[in-house]
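Reviewing the structure listed below.
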Amino acid sequence: MKFKNPFALSALDDLRWLLISCSGKEMSSQAGVKHVATEPSRVDSKRERRRGASGRAAALRRAPSDSDCSGETASLSADSGDRSVRPAPPPPRSGKTRSRRRGSEWEVLEGLKDGQRFDKRPEVFNGYLHKKRKWPLKGWHKRFFVVDGGILVYARSPTDVARGRLHGSVDVGLSVISAKARRRRIDIDADEFIYHLRGKTPDVFRTWLNVLKAHRLYRQHLLTFGARESVPKIHAPNDDPPPTDTSSRLVSPTSPPIRGPQAGFVSGTPGGRLAGWIIESGGPLDTASRELGQAQLSVQQLQRLLEALELQQQAHHDTDVSIEGASPNVKKDRRKFGLRKKKSNSKCASVELAPPHIDPSNSHMALSALTAPPSPGGGASSIPASAASLPIVFLSTFLASALVPCAATRPQSLPGAEALNAPTSLSSLTPDQQLREDFTVLAKDLVTSLKSVVSTLVRERGRLRAHAGDGAPLLSALRGDLATALQQNSELRSRLSRIHDASDLAELSSVGHDSDVTANRQFQHSLSYSSSCVSASEFFDAEEHDDINKNDILNADEVTIKAGVIELDGDSSSEAGSISSEEGSASSDNSDAAMVSAERAEPAAGAHWTRRTRLPRPRPSPGGPSLWNLLYKNIGKDLSQISMPVTINEPLNMLQRLCEELEYSELLEAAAGAAGAAERCALVAAFAVSAYAAAAHRAASKPFNPLLCETYECVREDRGFRFVAEQVSHHPPISACHAESPRWVFWQEARIKTKFWGKSMEFQPAGRVHVKLLTTGDHYSWNKVTTCVHNLFGGQRWVDQYGDMHITCHGSDISCKLNFIKASSWSSTRHEVRGAVTEASTGTRLRLAGRWSEALYAGDPPAAKCLWRPGAMPAEHELYYGFTRFAIELNELEPGLRELLPHTDTRFRPDQRALEEGDVEAAEQFKHQLEQAQRERRRDSPEHTPSWFR
Ligand SMILES: CC(C)CCC[C@@H](C)[C@H]1CC[C@H]2[C@@H]3CC=C4C[C@@H](O)CC[C@]4(C)[C@H]3CC[C@]12C
């Protein structure tokens, strides 16, 4: 027989997606760097003004943003120069501390200057101001304002402030404040909004302006130097100087904490890590901030140079010196965009200007232009030819550092530095050339220092990201620890309750009546009332669509077992699985000790071979996109189309999980050997319940989705059965399986419907499970209950199972009804199962009760008998996907098996194997490739006929 190979991989070009994602990352980070390095000179004036006025604090706050820039225009036009200097204070001509808003009487409050400190906390101040209405910005409201520590808040009245009913708050340190005395106006521009305020009297205006100025400087001081100083303060808020003003109480104790940049600086919180970053990065950021201050100075100096140049040009014009070959327009343009033209047109290097008279008061700098002797004859400009002819883009990188503009301190390393420093060339310079030269050198300095600031900021951004990223593994590690602790706790509890159950069966007397079952139902609040169901679809993660009607519910008869086709190797008369009985109950011990004895007893394929007792690797910590993101991004989508990261998987697939339901197959052996019909049915019921036991430890991960025509065979001579399963349909995903022992046959088809409820997910298997006891001919079948995984995104995930299970014994009057009781928040009972076996003809009732994760009892206490109990879990099972010993063995490739198994067997699935071996990357890649290959196969031949099940 020929098999299609579901594991045949498509070409390796699927690796592309990996590469694409990597290079994408690289590109974006490069873009980020380039961006900042070539910050355009044309920035809208508001932004520019803000940047300057909010000073260093704001500059530091503004991490370079990827979306923040345009082309590589590094030209220094007169126009842009004008803009770029606006934020800087004007030369201290008047000794005023405010700069002017362009073309008006508005004055912009200056920020903290480089090196300047303002560590004296200004007093809290409050009072009324008029505030322009937000919308439609007509009319004024009288509002009560309080400023404390640089944070300004306002409300309708002092009482409202006291009650915390604030209308707004603003960090004045990070805002641009401008004032117009004539109108008594103060505008506070805080990025997202602008407060337009007005003092009632000139006095009120002046007082507020001074107060705001002080608070602003203090706040900027805090933001600049305060990270280190303020962190301890936050731990001990009482260290703050006691408020001197009674009104301070209005803000601090009663109003909600105002969220400033330090708000999160509490150790142990993400803010704490942020504080850590700030402390660590104090050095580089301080340097960057100093450099920015220097850069600001350079910009001012450049502007002055430009002014001087323009003056010269003006003088030149006045003396009617023509520019060779230039039209009047060009001349004008050159005056305006003089340097830009120069950079793009080498002719400009030969501009000749008459020696101008330069008013030294125009510049407070020791400009070489003012000291160099004017060259009477003029001559060729000594601006390095290279600079003069450089394209604009390149010039930006050519301009270099050192902020003192005099020739003596020009960096030697600069291109053309020797020429600039050469006394001969210096002496031969005209004042105009000298000016231009100074301009170039200074501009170079500026660019270099800005570059270094940028690289510091970029580096710090990287570190900040890394710090932020650090939190994730830490959190997940903590979560993991917590989950483990909770798990251990719940295990201890369950052991305790098992002991308790075993010692006091009287408790069970209350259960088992139908009336109780009905009464219990009232606690079952079905989720189905909820309208929050966003998608009712398969959970499986293959990405293709198909035409099969998803509402087709598989009819039990549609997939029939092709009995007789299955020819499995091995001795069909192998001994029955041992029943480690305890009061006659069936239990399979999963502990290591039990494994050792099992290994000894086991007639293995290889002489020295023993079954593994541990997976090769523990479960890798989940990475990749969060489950939350995945599910929420795909809300409304069929969940089967979402490709889940492999870290959500356990290294088993659904076919193997079906086999796992045979873990307690000894119950079927026992049923086959039991004399009474009710007893047999009870044992079959115990077997049905036992299929859910594994789920108690397996809430964290989901099994792999089998590929179409994937098979799984498992011959367990030690347990006395052989099993085969096949994925018979991919959309909807349907698995069929068959198992047999000399005394029973088991088969089922499983199609699972998934409902996502927001925080939990429900799995509703459709189809029935069948068991035939060959000894008696009894044929049982039952439905499966709903499995629900809670806390999908936070806290500890846990599984619940609920619903009614009806076990029918075909052709007889025996039936069993089991109620899996849904866990409720008001009751401590979890995992409870109650029901009874009834025999209509005799009226016999056998009560069944217990927990699907712990035990099932039959009969009325104290005579109740334990039918089943799950085996103990292997040591450290929490680290190994919560697998039982049986589950650990399922994917093992026994020696000699490789040759016997068809290549469609799950054990050959590379992604699952890679995950088992802890190689997440390979697993992810393989999974992707397999899915891709499956899509292609499906495209090529949409029809599929199962190999073993028809
Ligand atoms: C998003 C992820 C992490 C959630 C984890 C989902 C896990 C716990 C879900 C996915 C599919 C579910 C399984 C679906 C079908 C069955 C068959 C049934 O006879 C026993 C329960 C069992 C075996 C479910 C157990 C829980 C299960 C494995």
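One-based numbering, in listed order, for ligands and for the atoms of each.
- Remark: ligand 1 atoms within the under-4.0 Å shell around heavy atoms of Arg797 are 3 (C).
- In this structure, Phe820 has its ring center under 6.0 Å from that of Tyr692.
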Stepwise side-chain contact (heavy atoms from CB on, under 4.5 Å) test for Val724 and Glu726: CA-CA 7 Å; Val724 63; Glu726 181 182 355; over 6 Å; no
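- Note: Trp798 and His790 have parallel aromatic rings, judged against thresholds of 30 and 60 degrees for the angle between ring planes.
- If you look at Arg698 next to ligand 1, the close heavy atoms, those under 4.0 Å, all belong to the backbone.
- Ligand 1 has no atom lying under 4.0 Å from any heavy atom of Glu650.
- Between Arg657 and ligand 1, a contact under 3.5 Å exists for no N or O pair.
- Contacts with ligand 1 closer than 4.0 Å are made by no heavy atom of Ala694, backbone or side chain.
- Heavy-atom proximity to Thr787, at under 4.0 Å, picks out these atoms of ligand 1: 21 (C), 25 (C), 26 (C).
- Phe687 and Trp782 have perpendicular rings, their planes meeting at more than 60° on a 0 to 90° scale where under 30° would count as parallel.
- Interface atoms of ligand 1 facing Glu661, defined by a heavy-atom separation under 4.0 Å, are 17 (C), 18 (C), 19 (O).
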side-chain contact (heavy atoms from CB on, under 4.5 Å) evaluation trace for Leu818 with Val689: CA-CA 9 Å; Leu818 285 176; Val689 170; 3.5 Å; yes
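- Below 30°, between 30° and 60°, or above 60°: for Trp747 and His738 the angle between ring planes is below 30°, a parallel geometry.
- For ligand 1 and Ala699, the ligand atoms under 4.0 Å from any heavy atom of the residue are 5 (C).
- Partner of Glu889 under the salt bridge (charged side-chain N to carboxylate O under 4.0 Å, His left out) criterion, out of Arg614, Arg716, Arg612, Arg907: Arg716 alone.
- Between Glu916 and Arg617, no side-chain nitrogen of the basic residue sits less than 4.0 Å from a carboxylate oxygen of the acidic one, so the salt-bridge criterion is not met.
- Per-residue contacts place Ser701 under 4.0 angstrom from the following atoms of ligand 1 (heavy atoms of the residue considered): 5 (C), 7 (C), 8 (C).
- Atom numbering of ligand 1 starts at 1 in the shown order; those under 4.0 Å from a heavy atom of Lys784 are 17 (C), 18 (C), 19 (O).
- Interface atoms of ligand 1 facing Pro703, defined by a heavy-atom separation under 4.0 Å, are 28 (C).
- Neither the backbone nor the side chain of Ala750 has a heavy atom within less than 4.0 Å of ligand 1.
- Neither the backbone nor the side chain of Met644 comes within contact range of ligand 1; no heavy atom lies under 4.0 Å.
- Of the possible polar contacts, one joining the Glu710 side chain to the Leu707 backbone as a donor-acceptor pair under 3.5 Å is found.
- Close approach of ligand 1 to Val789 is summarised as follows: ligand atoms under 4.0 Å from at least one heavy atom of the residue are 6 (C), 8 (C).
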